[in-house]
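The block underneath contains the structure these notes are about, expressed in structure tokens.
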2 protein chains.
Amino acid sequence: MEQNKIPQATAKRLPLYYRFLNNLQIQGKTRVSSKELSEAVKVDSATIRRDFSYFGALGKKGYGYNVEYLLGFFRKTLDQDELTDVALIGVGNLGTAFLNYNFTKNNNTKIVCAFDADPNKSGTEIGGVPIYHIDELEERLGNVKVAILTIPAMEADRITERLVSKGVKGILNFTPARISVPDDVRVHHIDLAIELQALVYFLKHYPLEMKEEIL
Amino acid sequence: MEQNKIPQATAKRLPLYYRFLNNLQIQGKTRVSSKELSEAVKVDSATIRRDFSYFGALGKKGYGYNVEYLLGFFRKTLDQDELTDVALIGVGNLGTAFLNYNFTKNNNTKIVCAFDADPNKSGTEIGGVPIYHIDELEERLGNVKVAILTIPAMEADRITERLVSKGVKGILNFTPARISVPDDVRVHHIDLAIELQALVYFLKHYPLEMKEEIL
DNA sequence: GTGAATATGTGAAAAATATCACGACTTATC
DNA sequence: GATAAGTCGTGATATTTTTCACATATTCAC
Ligand SMILES: NC(=O)c1ccc[n+]([C@@H]2O[C@H](COP(=O)([O-])OP(=O)(O)OC[C@H]3O[C@@H](n4cnc5c(N)ncnc54)[C@H](O)[C@@H]3O)[C@@H](O)[C@H]2O)c1
Ligand SMILES: NC(=O)c1ccc[n+]([C@@H]2O[C@H](COP(=O)([O-])OP(=O)(O)OC[C@H]3O[C@@H](n4cnc5c(N)ncnc54)[C@H](O)[C@@H]3O)[C@@H](O)[C@H]2O)c1
């Protein structure tokens with residue numbers, strides 16, 4: 001693939017930049033500096049310039065970046081024109097929230113089908129997404145390569161194995177289980193309980209000094 | 001505070017270790033090695049040993065770690081005995097999911113109150129947590145120092161300001177807005193749309209080589 | 001035009017994080 | 001009690017990420 005040399009830390013920030021640039025364009029702004037971007041997305045301006053520089057010289061010295069050009073560039077880079085289909089497994093509290101939320105608003109991903117073990121849920125739909133019984137996973141999944149996991153932790157390993165057998169290559173895992181996958185499958189863990197605990201830990205153990213604010 | 005020298009990357013992993021150790025104890029295991037831990041939490045064993053070493057010598061060479069001792073140590077370190085009160089702002093799709101979920105299962109945090117702008121929601125409760133109208137924020141918040149933000153992005157800045165004025169020091173922000181806070185307030189952003197986009201980006205641009213799996 | 005202000009792109013340095021690899025010690029076995 | 005196997009703790013090293021700081025180019029006001 002094109003540029004394997006883009007640091008992961010940079011890649012993770014790209015969608016953030018894209019979203020903000022999109023907002024700028026809607027607001028009718030035509031140019032933006034790394035400093036302005038920095039204040040908006042809370043990333044150091046040098047880091048932003050460095051991030052952009054991996055893709056070549058996108059800006060102009062003394063001017064900044066042209067919003068339309070930059071946006072167009074990122075649209076291609078982030079494949080914002082192709083829609084990636086996503087499956088959601090586990091239509092409980094979290095899963096229902098995700099189905100109701102329209103991920104496609106400003107986005108290139110779409111949940112196209114959902115699965116649950118509860119027979120009362122299968123056959124219905126939420127937010128326009130059909131819900132099937134988990135037994136139908138193999139036949140209904142089709143060619144979907146990305147899955148969101150919002151099932152009980154106990155079920156995570158078993159379902160993961162089925163997803164992987166069916167060719168899923170990316171999993172966004174909301175269960176506390178650390179699932180095992182082959183090396184060609186990528187898992188991103190989002191562990192909400194841990195995020196909350198870590199925040200509390202930082203508050204108690206890393207007192208931030210009160211610096212001078214603009215009063 | 002005690003140990004300001006613990007790297008942030010380490011601190012973020014502590015709740016993960018704690019949870020796994022807790023499971024081990026429930027299963028009746030008395031000892032564990034960094035290698036076993038590594039396989040379970042998917043963190044390199046050297047990293048685990050290094051993480052633990054910031055707290056001193058917790059293990060025994062040739063033996064590993066005593067589960068009970070280690071767990072007790074982390075319980076103290078992570079303040080698992082004190083309960084931290086948390087407020088939730090925005091009882092919509094996501095907020096409702098969090099209220100229904102019992103964060104206290106294996107945890108030292110508890111959502112004690114929720115707020116919403118919708119008058120139909122205020123006065124009710126979900127998962128035993130009372131929901132107040134957002135107008136009552138200042139009078140009902142009490143001494144809560146941590147808040148979860150699940151409101152529309154447009155509202156984020158205004159509500160953040162009110163939370164900060166009331167003394168909130170930690171915010172778990174689920175809105176796409178990058179909020180501004182004084183230096184003594186800590187914000188953790190959890191941006192689900194971006195997580196999904198980043199996962200898709202990695203899949204398309206960082207093909208993982210299929211290494212030999214145990215067949 | 002000219003000078004002041006602005007802002008990029010990047011070499012170099014710093015900081016943070018992860019990993020290697022091995023000495024030292026423990027446990028288990030016979 | 002000697003030998004083998006197992007495992008920690010950590011110095012050293014590697015990798016990744018962030019930040020500094022400035023030469024260079026552009027814009028803007030007059
Ligand atoms: N809700 C939260 O706020 C929250 C916070 C942190 C972590 N989590 C984690 O997210 C996951 C989902 O949480 P939740 O609150 O939505 O749980 P939930 O119990 O509300 O939903 C789980 C859903 O999965 C379905 N299910 C169970 N087994 C299944 C299977 N084998 N195949 C398909 N579907 C199956 C259930 O029918 C249910 O609808 C859990 O692992 C939980 O630990 C949730
Ligand atoms: N649901 C998801 O899957 C998802 C995914 C990614 C991001 N998000 C983000 O999370 C946030 C919440 O999403 P949601 O799907 O739960 O939205 P939602 O619209 O279902 O819920 C928002 C809630 O906030 C309340 N609210 C509005 N203004 C308020 C105010 N000033 N004070 C207090 N409450 C107020 C509304 O009454 C509503 O109940 C949004 O910023 C959204 O972009 C959600």
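All values derive from a computational prediction rather than experimental measurement. All chains are named by letter (A, B, ...) in the order of the sequence lines, taking the proteins before the strands, and each is independently numbered beginning at 1.
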Next item on the list: Using atom NZ of B:Lys60 as one end and atom C1' of C:dG23 as the other, report the distance to the nearest whole Å.
Entry: 19 Å

Margin query: Quick check on DNA chain C: between B:Tyr63 and A:Lys35, whose nearest nucleotide comes earlier from the 5' end?
Written below: A:Lys35

Notebook entry, point to check: Atom CZ of B:Arg31 to atom C1' of D:dG6: distance rounded to whole Å?
Noted result: 8 Å

Notebook entry, point to check: When you check the phosphate oxygens OP1 and OP2 of C:dA16, does a side-chain N or O of B:Arg50 lie under 4.0 Å from one of them?
Noted result: no

Check: B:Asn108 side chain to B:Leu78 main-chain N or O, any donor-acceptor pair under 3.5 Å?
Finding: yes

Next item on the list: Output yes when a side-chain donor or acceptor of A:Arg19 lies under 3.5 Å from a complementary backbone atom of B:Ala193, and no otherwise.
Entry: no

Margin query: Heavy atoms only, 4.0 Å cut-off, all strands: where does A:Tyr65 land among base, sugar-phosphate and nothing?
Written below: sugar-phosphate

Checklist line | Test item: A:Tyr101 side-chain N/O and A:Gly127 main-chain N/O as donor-acceptor pair under 3.5 Å | finding: no

Check: Among C:dC25, D:dT19, D:dT18, which nucleotide sits nearest the side chain of A:Ala9?
Finding: D:dT18

Margin query: In this structure, how many angstroms lie between the P atom of D:dC20 and the CG atom of A:Asp44, rounded?
Written below: 6 Å

Check: Counting only side-chain N and O atoms of B:Thr47, is one of them less than 4.0 Å from OP1 or OP2 of C:dA18?
Finding: no

Next item on the list: Using heavy atoms to find the nearest nucleotide of DNA chain D for A:Arg13 and A:Arg49 separately, return the residue whose nucleotide is more 5′.
Entry: A:Arg13

Notebook entry, point to check: At under 4.0 Å between heavy atoms, what does A:Ser34 touch on the DNA or RNA strands: base, sugar-phosphate, or nothing?
Noted result: sugar-phosphate

Next item on the list: Check whether more than 12 heavy atoms from other residues, nucleotides or ligands sit under 6.0 Å from atom NZ of A:Lys12, and answer yes or no.
Entry: no

Next item on the list: By nearest nucleotide on DNA chain D, pick out whichever of B:Phe52 and A:Val43 is the more 5' one.
Entry: B:Phe52

Item checked: Selected nucleotide, minimal atom distance to A:Lys61 side chain, candidates D:dT18, D:dG9, D:dA25 -> D:dA25

Next item on the list: Round to a whole Å and report the spacing from CD of B:Gln8 to P of D:dT18.
Entry: 12 Å

